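Given the structure is predicted, the values throughout are model-derived calculations rather than measurements.
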Number of protein chains: 2
Amino acid sequence: MNKSRVTVVDIARAAGVSKSTVSLVLQASPLVNEATRARVNAVIRELGYVYNRGAANLRQSASSRIIGIIVNDLTNSFFAELAVGMDMVMQSAGYVQFLSNSAESVDRQREVIASMREHGIAGLILSPARGTEAADLKPLAASGIPVVAVVRNVVGAKVSTLFSDNYAGAKDAVRHLVSLGHTRIAFLGGIANTTVFTERVEGWRDALSEAGLAAPDRLVIGTAASRAGGVAAIERALLLPEAPTAALCFNDAAAFGVCDGLRAAGKEPGRDFAVVGFDDVIEAETAVPALTTVSVDPQGMGRRAAQLLLKQINAGRVEPETIVSSVRLVVRQSCGAGQTDRTRRISA
Amino acid sequence: MNKSRVTVVDIARAAGVSKSTVSLVLQASPLVNEATRARVNAVIRELGYVYNRGAANLRQSASSRIIGIIVNDLTNSFFAELAVGMDMVMQSAGYVQFLSNSAESVDRQREVIASMREHGIAGLILSPARGTEAADLKPLAASGIPVVAVVRNVVGAKVSTLFSDNYAGAKDAVRHLVSLGHTRIAFLGGIANTTVFTERVEGWRDALSEAGLAAPDRLVIGTAASRAGGVAAIERALLLPEAPTAALCFNDAAAFGVCDGLRAAGKEPGRDFAVVGFDDVIEAETAVPALTTVSVDPQGMGRRAAQLLLKQINAGRVEPETIVSSVRLVVRQSCGAGQTDRTRRISA
DNA sequence: TGACAAATTTGGAACGATCCAATTAATTGC
DNA sequence: GCAATTAATTGGATCGTTCCAAATTTGTCA
């Protein structure tokens with residue numbers, strides 16, 4: 001059914017020129033005569049020619065215009081938005097991306113990286129699965145393929161890294177809760193022993209001690225970084241002898257879970273208990289109550305990561321750099337600050 | 001820094017064999033002697049050889065082992081999960097996927113399709129942007145590249161299609177609401193003039209008339225298929241002269257918005273108003289109240305779509321087929337049926 | 001008009017793997 | 001021991017594009 005693909009030679013023959021000329025037309029070279037260019041382009045359209053990038057990439061000089069993106073959990077909307085941000089930049093830069101989900105499995109991640117290498121990616125953006133080691137990225141670096149790690153870092157790997165200012169964000173959030181008069185502020189959700197978790201807890205701890213408040217370990221309740229994890233965390237928190245009256249949650253998903261758990265226990269988030277999230281996913285704004293959270297702007301981060309990678313690809317030299325993306329606290333209703341967000345349409 | 005890539009010829013030279021032998025080893029041919037194979041493999045590891053699929057794909061016979069996936073909105077967790085399902089199947093079949101987001105723009109979608117074609121995809125799975133026309137897929141079909149449309153269909157296009165049984169799902173949901181004693185049941189959210197919307201409204205209408213109930217147009221309130229859209233829809237619904245007491249929502253996102261809007265109006269979803277969603281995204285189960293919804297199993301749909309595409313790629317012949325994926329109503333708390341989901345940990 | 005420069009065009013020779021036909025080495029049968 | 005098989009191995013030629021050096025055409029000016 002499908003006739004053997006149309007090639008430059010077919011175009012050349014039909015247009016009465018050489019394949020070299022067709023090639024020049026394809027790359028919009030100024031060397032070719034306008035009349036010739038028009039004729040060739042007409043034939044290209046007529047025969048339904050499709051450029052074969054694979055063949056072009058064969059010559060060692062060319063860059064493949066393909067990059068790889070691997071995220072650890074695409075079902076988490078934070079990462080989905082991160083990916084969308086990257087997609088936007090890559091698309092307008094004329095790149096296509098292999099986009100895969102490692103589902104937190106280093107083995108799958110390894111396989112995917114290998115597969116992407118075989119397909120000749122020009123660079124890789126990786127939101128590493130837990131347990132990723134520097135060795136996993138070594139071969140890429142060795143063959144001069146730039147790598148940008150996002151969200152999490154890979155210890156020991158000499159790759160560029162882009163992550164949000166977890167410490168400062170957590171500190172700001174807790175300071176805000178303190179300013180609202182809370183003295184027993186918990187840290188809920190998230191998997192301990194990850195860099196991100198540690199940094200956020202550190203910010204929480206320092207803000208408390210700065211205010212002269214105690215920061216006992218029992219107020220740090222690590223669970224899954226998900227809605228279900230949030231529910232579990234608040235359940236445990238409410239059972240504590242001196243139960244907290246406010247909480248900074250590991251991320252927005254956990255914060256939503258905390259809200260759910262509070263309601264199940266007969267408490268209204270924002271009124272009876274202050275909840276602050278981290279990430280500022282899209283739903284944070286439309287949820288009820290609207291979630292006070294540390295805005296990380298995942299799409300923006302994705303865009304910046306993509307831009308960084310493109311810069312490195314174009315530079316040729318791979319000079320690892322680390323960017324700490326600043327964050328800002330977005331005060332909405334869930335912390336009880338009572339500030340009405342003017343972008344919200346419903347207001348009792 | 002990066003020495004020119006290692007090729008089969010380098011391997012051949014280092015192992016003292018011909019490149020043909022190396023090639024045979026690479027494809028695990030039984031023709032080569034065990035000792036030779038071992039030696040070649042050792043050299044391959046030693047030199048850090050990376051297979052160049054691009055070069056291999058040049059020969060007309062080979063299939064590229066790359067497929068394309070384009071979704072209309074990756075930030076919507078329904079589609080993110082759909083993509084994850086596809087990713088799983090593709091990964092274990094040894095494929096890599098280009099995965100892009102069209103953001104509902106037919107222009108971007110067109111560009112991405114063109115780019116993917118140039119990179120030689122073996123097949124495409126498309127969740128079409130609104131307004132996609134058969135002509136957009138024509139060239140793919142013409143060059144024998146199988147296409148599977150998911151979730152939405154493309155009128156006039158002769159491609160395989162996989163979508164959920166919207167009509168039956170909506171009908172079941174409304175029947176359930178009727179059985180709970182509701183007589184004024186609205187249809188909230190979703191963009192009118194889309195096939196999916198029409199099918200679901202049709203199911204809603206038929207279930208009502210089957211029960212001898214009226215299905216006036218004013219009870220169908222189309223808005224964005226998002227959380228914000230759900231909020232807007234319920235606001236309008238509550239202003240109606242004979243306000244509904246229950247609603248089937250276009251999708252889960254809208255249903256969550258309806259719950260938010262109900263609370264903002266002082267009504268508790270599940271107790272004062274029955275809410276049913278559509279899709280059964282992950283959060284539906286953990287939300288409070290847990291959402292009664294029509295389960296579409298997006299990951300499962302993604303997996304099935306991927307399998308269908310692989311089947312078509314392997315078959316060579318592209319025989320368009322349409323699969324209607326069955327759905328089932330999952331009764332949780334938001335419809336007021338009061339059934340406690342035993343998988344939920346919190347229960348007052 | 002002829003010399004010279006500028007503007008266009010054009011054959012190969014890559015790029016890295018596969019595949020075919022053909023060659024060489026190892027085994028077998030008688 | 002030698003032909004006939006079978007097992008292994010191997011040179012090209014090929015895929016579709018780019019790039020280089022060289023060839024051709026066109027244009028300019030004395």
Side-chain angles (χ1 to χ4, degrees), chain A residues 2-41 43-44 47-66 115 117-122 143, chain B residues 2-41 43-44 47-66 115 117-122 143:
Chain A
N2 56 327
K3 35 183 63 74
S4 52
R5 47 189 167 193
V6 181
T7 79
V8 274
V9 184
D10 299 317
I11 302 296
R13 201 171 4 242
V17 294
S18 78
K19 60 182 169 42
S20 303
T21 303
V22 176
S23 174
L24 290 173
V25 170
L26 287 175
Q27 19 197 343
S29 160
L31 289 178
V32 352
N33 185 287
E34 271 316 315
T36 314
R37 181 194 311 282
R39 184 153 38 97
V40 171
N41 275 326
V43 176
I44 284 178
L47 299 191
Y49 167 75
V50 177
Y51 183 77
N52 182 334
R53 267 179 210 284
N57 290 159
L58 215 44
R59 324 215 74 253
Q60 73 280 50
S61 51
S63 150
S64 69
R65 309 238 106 191
I66 301 179
S115 176
R117 281 191 79 196
E118 295 188 350
H119 280 104
I121 53 174
S143 41
Chain B
N2 58 325
K3 35 184 65 78
S4 52
R5 46 189 167 193
V6 180
T7 78
V8 273
V9 184
D10 299 316
I11 302 295
R13 202 172 0 243
V17 295
S18 77
K19 60 183 170 43
S20 303
T21 303
V22 177
S23 174
L24 290 173
V25 171
L26 286 175
Q27 23 199 338
S29 161
L31 289 177
V32 355
N33 185 288
E34 271 316 314
T36 314
R37 182 195 309 283
R39 186 153 37 98
V40 171
N41 275 326
V43 175
I44 284 178
L47 298 191
Y49 168 76
V50 177
Y51 184 77
N52 184 333
R53 268 179 210 283
N57 291 159
L58 216 44
R59 323 214 76 253
Q60 72 279 51
S61 51
S63 152
S64 69
R65 310 239 104 191
I66 300 179
S115 176
R117 280 191 79 196
E118 295 188 350
H119 281 103
I121 52 173
S143 40

Is the phosphate of D:dT18, meaning OP1 or OP2, less than 4.0 Å from a side-chain N or O of A:S23?
-> yes
Has the side chain of A:D10 got a donor or acceptor atom that lies under 3.5 Å from a matching backbone atom of A:T7?
-> yes
Within this structure, what is the CD-to-P distance between B:E118 and D:dT17, rounded to whole angstrom?
-> 10 Å
Rounded to the nearest angstrom, tell me the gap between atom CG in A:N57 and atom C1' in C:dC15.
-> 11 Å
Once you round it to whole Å, what is the distance between P of D:dC19 and CG of A:L26?
-> 12 Å
So, does B:R37 use its side chain to make a donor-acceptor pair with the main chain of B:P30 at under 3.5 Å?
-> no
In whole angstroms, how far is the P atom of D:dT26 from the CD atom of A:E34?
-> 17 Å
State whether B:T21 places a side-chain N or O below 4.0 Å from either non-bridging phosphate oxygen (OP1 or OP2) of D:dT10.
-> yes
Below 4.0 Å: OP1/OP2 of D:dC19 and any side-chain N or O of A:Q27 | yes
Atom CZ of A:R39 and atom P of C:dT8: how far apart are they, to the nearest Å?
-> 14 Å
When you check the phosphate oxygens OP1 and OP2 of D:dA8, does a side-chain N or O of B:T36 lie under 4.0 Å from one of them?
-> no
Between CG of B:L24 and P of D:dA7 the distance, given in whole Å, is 15 Å
Among C:dT10, C:dA13, D:dA13, the one nearest A:K19 by side-chain distance | C:dA13
Starting at CG of A:N52 and ending at P of D:dT18, how long is that distance when rounded to a whole Å?
-> 9 Å
Result for 5'-nearest mapping on DNA chain D, choosing between B:R37 and B:A55, is B:R37
Given C:dG16, D:dT18, C:dT9, which nucleotide is nearest the side-chain atoms of B:L58?
-> C:dG16
Which is true for A:T7 with a 4.0 Å heavy-atom rule: it touches a base, it touches only sugar-phosphate, or it touches nothing?
-> sugar-phosphate
Please walk me through it: do A:Y49 and A:V8 pass side chain to side chain contact (heavy atoms under 4.5 Å, CB included)?
-> CA-CA 8 Å; A:Y49 167 75; A:V8 274; 3.9 Å; yes
Please answer whether the main-chain N or O of B:A15 pairs with a side-chain N or O of B:R39 as donor and acceptor at a distance below 3.5 Å.
-> yes
Rounded distance (Å) that lies between atom C1' of D:dA23 and atom CG of A:L31 = 15 Å
Residue-phosphate contact under 4.0 Å: B:R59 side-chain N/O, C:dC19 OP1/OP2 = no
Under-4.0 Å side-chain N/O to phosphate OP1/OP2 contact, A:R53 with D:dT17 | no
Should A:H119 and B:I66 count as side-chain neighbours, where that means a heavy-atom distance under 4.5 Å?
-> yes
Go through C:dG16, D:dT10, C:dT18 for me and flag the one nearest to the B:A56 side chain.
-> C:dT18
Sugar-phosphate, base or nothing in reach of B:V17, heavy atoms under 4.0 Å = sugar-phosphate
Candidate list A:T36, A:L24, A:V32, test side chain to side chain contact (heavy atoms under 4.5 Å, CB included), partner A:V17, passing option | A:T36
With a 3.5 Å cut-off and just heavy-atom distances, do the side chain of A:S20 and the base of C:dG11 make a donor-acceptor pair?
-> yes
